[in-house]
Peer 1: 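First, the structure itself, so that you have it in front of you.
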Amino acid sequence: MPKAQETVLEIDLSALTHNYNYLKSKLQSKTKFLAVVKAFAYGNDAAKIARHLQKLDVDYFAVAYTKEGVALRDAGITKPILVLHPLAVSFKTLIDRCLEPNIYSTAILDQFIKTAEAQGQKQYPVHIKFNTGLNRLGFNENDIEAIVSKLKNTSAIKVTSIFSHLAASEDLNELEFTQLQIKKFKNIADTFEAQSGVKPWLHLCNTSGILNYPEAHLDMVRSGIGLYGYGNSDEEDKKLKPVASLKSIISQIHTIEKGQTVGYNRAYTSNKTEKSATIPIGHADGISRIYGNGKGFVYINDQKAPIIGNVCMDMIMVNVTHIDCKEGDEVIIFNSEHKVSALAESAGTISYEILTALSQRIKRIILPQ
Ligand SMILES: *Cc1c(COP(=O)(O)O)cnc(C)c1O
């Protein structure tokens, strides 16, 4: 791999294949695989990631918003796409582009039926979400009767699946709570089937659900972070391969004399003669100010260099006093060896946040080319 000459996010599609196959190996052959590619495929490149997964014959995709689904259709994605958080304002577009809505409330159900009927739809596929403890989106168990009666009054939509979302599948201290969610969901599914007379398929597990709760794989699983190479545990991380590597270069090196300061608000003061390196990545690229002042770090010539002072909009400065380096040298912010999860932890956040925050200003490079 040639060394980076600017800030780039390298996206390794062979790692994506590896992760997909690893996660699939955890499933029974009948269980479908939905790839979650919301938020630019967790900051990577939704079109390229989805096209690769479509070639691997993934069953389904999910995005958060209709706009993201439209972008996938424009990129040639023909597999079904579930929109996890559709808003009524986008229902017409959603139907025009054959996207499938999550129906999570009575208001949304009424509005979707109205739009589907007005468009002359018959049996348009929808997915009904139930709240089993996350308290975010979804119907409650006692809404089933009302849902079923609305469904019986229209032929414009059909329920393809019913689903729910786990609140703490990565946290084994919450085993009991998660098992309760699983039980609750199965009961809801039974009641729904009994009352409606239809048997939609069922799905509940995200990545950590796949890894920790094989009894809950049901008819389909929905994986995001695992596909990108993170399993929310050290043990699973070892079996997955990070898809994204964030690299940059040293733009300039400064000698900082004792008592001089570095960056805005003079937040860092040197107490001896030191050396700083300026790197062309800042909070506008997704490296939040929370990584400043010694929390975040990068690697230069395999040595750790902490961020000193405040993160600027377009730059960070790191301490390289102890590192043999020069202007133009490559900088690793994270890669398969220096994991994004460690960087996220240093600032009290999670890999999901730092990956999805990487702004579109950063050039994406797809490997292998
Ligand atoms: C984002 C999301 C997922 C994917 O979760 P991961 O932990 O990234 O695997 C699955 N289901 C729903 C409803 C989501 O919002």
Side-chain angles (χ1 to χ4, degrees), residues 16-38 41 49-63 69 72 77-84 98-103 123-130 132 134 138 144 151 157-166 169-170 175 178-229 231-233 236 239-241:
L16 181 63
T17 305
H18 169 88
N19 299 333
Y20 176 69
N21 289 333
Y22 175 73
L23 293 163
K24 286 271 284 187
S25 77
K26 299 278 165 188
L27 308 178
Q28 293 182 30
S29 59
K30 69 165 178 58
T31 304
K32 294 184 187 56
F33 196 106
L34 176 152
V36 180
V37 292
K38 62 194 179 192
I49 294 276
R51 278 196 214 123
H52 189 73
L53 289 165
Q54 184 163 267
K55 270 193 238 150
L56 298 177
D57 208 24
V58 72
D59 298 288
Y60 246 86
F61 289 104
V63 291
L72 290 185
I77 299 303
T78 53
K79 295 268 182 185
I81 301 172
L82 165 58
V83 180
L84 292 166
C98 293
L99 306 169
E100 302 178 6
N102 164 15
I103 302 291
Q123 306 286 306
Y124 195 91
V126 306
H127 305 262
I128 303 230
K129 187 171 200 183
F130 284 95
T132 52
L134 181 60
I144 294 176
L151 290 172
I157 65 169
K158 72 152 192 274
V159 179
T160 299
S161 80
I162 58 183
F163 72 112
S164 187
H165 196 36
L166 297 173
S169 57
E170 73 279 20
L175 188 87
T178 304
Q179 285 170 340
L180 208 70
Q181 275 197 283
I182 296 169
K183 195 164 157 222
K184 214 166 162 185
F185 181 62
K186 286 181 174 167
N187 283 338
I188 287 171
D190 287 345
T191 310
F192 184 90
E193 283 170 23
Q195 292 196 16
S196 68
V198 293
K199 205 171 167 8
W201 21 284
L202 311 177
H203 47 113
L204 179 61
C205 285
N206 65 340
T207 299
S208 296
I210 296 172
L211 300 172
N212 295 333
Y213 298 93
E215 72 277 20
H217 289 174
L218 305 170
D219 300 307
M220 183 163 80
V221 295
R222 306 184 303 269
S223 177
I225 199 78
L227 284 173
Y228 309 109
N232 297 326
S233 83
E236 291 299 342
K239 295 173 196 148
L240 295 161
K241 294 186 180 168

Peer 1: Tell me the closest heavy-atom pair linking Arg222 and Ser164, and the distance in Å.
Peer 2: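 Smallest interatomic distance, heavy atoms only, reads NH2-O, 2.8 Å.
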Peer 1: Roughly how far, to the nearest 0.5 Å, is the CD1 atom of Ile188 from the NZ atom of Lys129?
Peer 2: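 The CD1 atom of Ile188 is 12.0 Å from NZ of Lys129, to the nearest 0.5 Å.
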Peer 1: Where do Ser223 and Leu23 come nearest, in terms of heavy atoms and distance?
Peer 2: OG-CD1, 3.4 Å
Peer 1: Return the minimal non-hydrogen interatomic distance between Gly229 and Leu240, and the atom names on each side.
Peer 2: O-CB, 3.5 Å
Peer 1: Under the rule for salt bridge (Lys or Arg N to Asp or Glu O under 4.0 Å), what residues qualify as partners of Lys239, not counting sequence neighbours?
Peer 2: Glu235
Peer 1: Are Leu227 and Phe33 side-chain neighbours, meaning at least one heavy-atom pair lies under 4.5 Å?
Peer 2: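 Leu227 reaches Phe33 side chain to side chain.
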Peer 1: How long is the span from the OH atom in Tyr20 to the CD1 atom in Ile49, to the nearest 0.5 Å?
Peer 2: 13.5 Å
Peer 1: Testing the basics here: between Pro101 and Pro125, what is the closest heavy-atom pair and its distance to 0.1 Å?
Peer 2: CD-O, 3.5 Å
Peer 1: Go through the structure and list residues passing ring pair (Phe, Tyr, Trp, His ring centres under 6.0 Å) with Tyr22, not counting sequence neighbours.
Peer 2: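 Scan of Tyr22 (ring pair (Phe, Tyr, Trp, His ring centres under 6.0 Å), adjacent residues dropped) gives none.
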Peer 1: Apply salt bridge (Lys or Arg N to Asp or Glu O under 4.0 Å) to Lys199 and list each qualifying residue two or more places apart in sequence or on a separate chain.
Peer 2: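 Expected list: Glu193.
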Peer 1: For the residue pair Val198 and Phe192, establish whether any side-chain heavy-atom pair is separated by less than 4.5 Å.
Peer 2: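 In short, these two side chains touch, coming nearer than 4.5 Å.
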Peer 1: Using 0.5 Å steps for rounding, measure from the NZ atom of Lys38 to the CG atom of Leu72.
Peer 2: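 Here the rounded value is 13.5 Å.
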Peer 1: Does CD in Glu215 sit with more than 12 non-hydrogen atoms of other residues, nucleotides or ligands closer than 6.0 Å?
Peer 2: yes
Peer 1: Do the side chain of Asp59 and the main chain of Leu34 share a donor and acceptor less than 3.5 angstrom apart?
Peer 2: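 The answer is no, because no donor-acceptor pair under 3.5 Å joins these two groups.
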Peer 1: Could you tell me if the side chain of Val159 sits less than 4.5 Å from the side chain of Val126, heavy atoms only?
Peer 2: yes
Peer 1: List in chain and number order the residues that pass side chain to side chain donor-acceptor pair (under 3.5 Å) with Lys79, two or more places apart in sequence or in another chain; answer none if no residue qualifies.
Peer 2: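 Once residues adjacent in sequence are excluded, the partners of Lys79 under the side chain to side chain donor-acceptor pair (under 3.5 Å) criterion are Asp57.
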Peer 1: Are the side chains of His165 and Leu204 in contact, using a 4.5 Å heavy-atom criterion?
Peer 2: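 Result no, sub-4.5 Å side-chain heavy-atom pair not found.
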Peer 1: For the residue pair Tyr60 and Val221, establish whether any side-chain heavy-atom pair is separated by less than 4.5 Å.
Peer 2: no
Peer 1: So do the side chains of Tyr124 and Thr160 get within less than 4.5 Å of each other, counting heavy atoms only?
Peer 2: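 Side-chain contact under 4.5 Å: no.
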Peer 1: Holding to side chain to side chain donor-acceptor pair (under 3.5 Å), I want the full list of residues that pass it with His127, two or more places apart in sequence or in another chain.
Peer 2: Glu100, Ser161
Peer 1: Once you round to the nearest 0.5 Å, how far does CD1 of Ile210 lie from CD of Glu236?
Peer 2: 10.5 Å
Peer 1: Looking at Thr132, Asp190, Leu166, Leu180, which one forms a side-chain contact (heavy atoms from CB on, under 4.5 Å) with Phe185?
Peer 2: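 When Thr132, Asp190, Leu166, Leu180 are each tested with Phe185, the side-chain contact (heavy atoms from CB on, under 4.5 Å) holds only for Thr132.
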Peer 1: Under the rule for ring pair (Phe, Tyr, Trp, His ring centres under 6.0 Å), what residues qualify as partners of Phe163, not counting sequence neighbours?
Peer 2: His203
Peer 1: Report the distance from atom OG of Ser196 to atom CG of Leu151, rounding to the nearest 0.5 Å.
Peer 2: 7.5 Å
Peer 1: What's the spacing between Lys24 NZ and Lys32 NZ if we round to 0.5 Å?
Peer 2: 10.5 Å
Peer 1: Let me know which of Asn232, Asn212, Asn206, Thr207 forms a side-chain hydrogen bond (donor to acceptor under 3.5 Å, both in side chains) with Ser169.
Peer 2: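 Filter result, single survivor: Asn206.
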Peer 1: Can you check side-chain contact (heavy atoms from CB on, under 4.5 Å) on Lys186 and Leu218, steps first, answer last?
Peer 2: CA-CA 10 Å; Lys186 286 181 174 167; Leu218 305 170; 3.9 Å; yes
Peer 1: Please find the pair of heavy atoms, one from Gly231 and one from Leu211, that lie closest to each other, and give the distance.
Peer 2: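 In this case the closest contact between Gly231 and Leu211 is O-CD1, 4.0 Å.
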Peer 1: Can you give me the closest heavy-atom contact between Thr78 and Gln54, atom names plus distance?
Peer 2: N-OE1, 2.9 Å
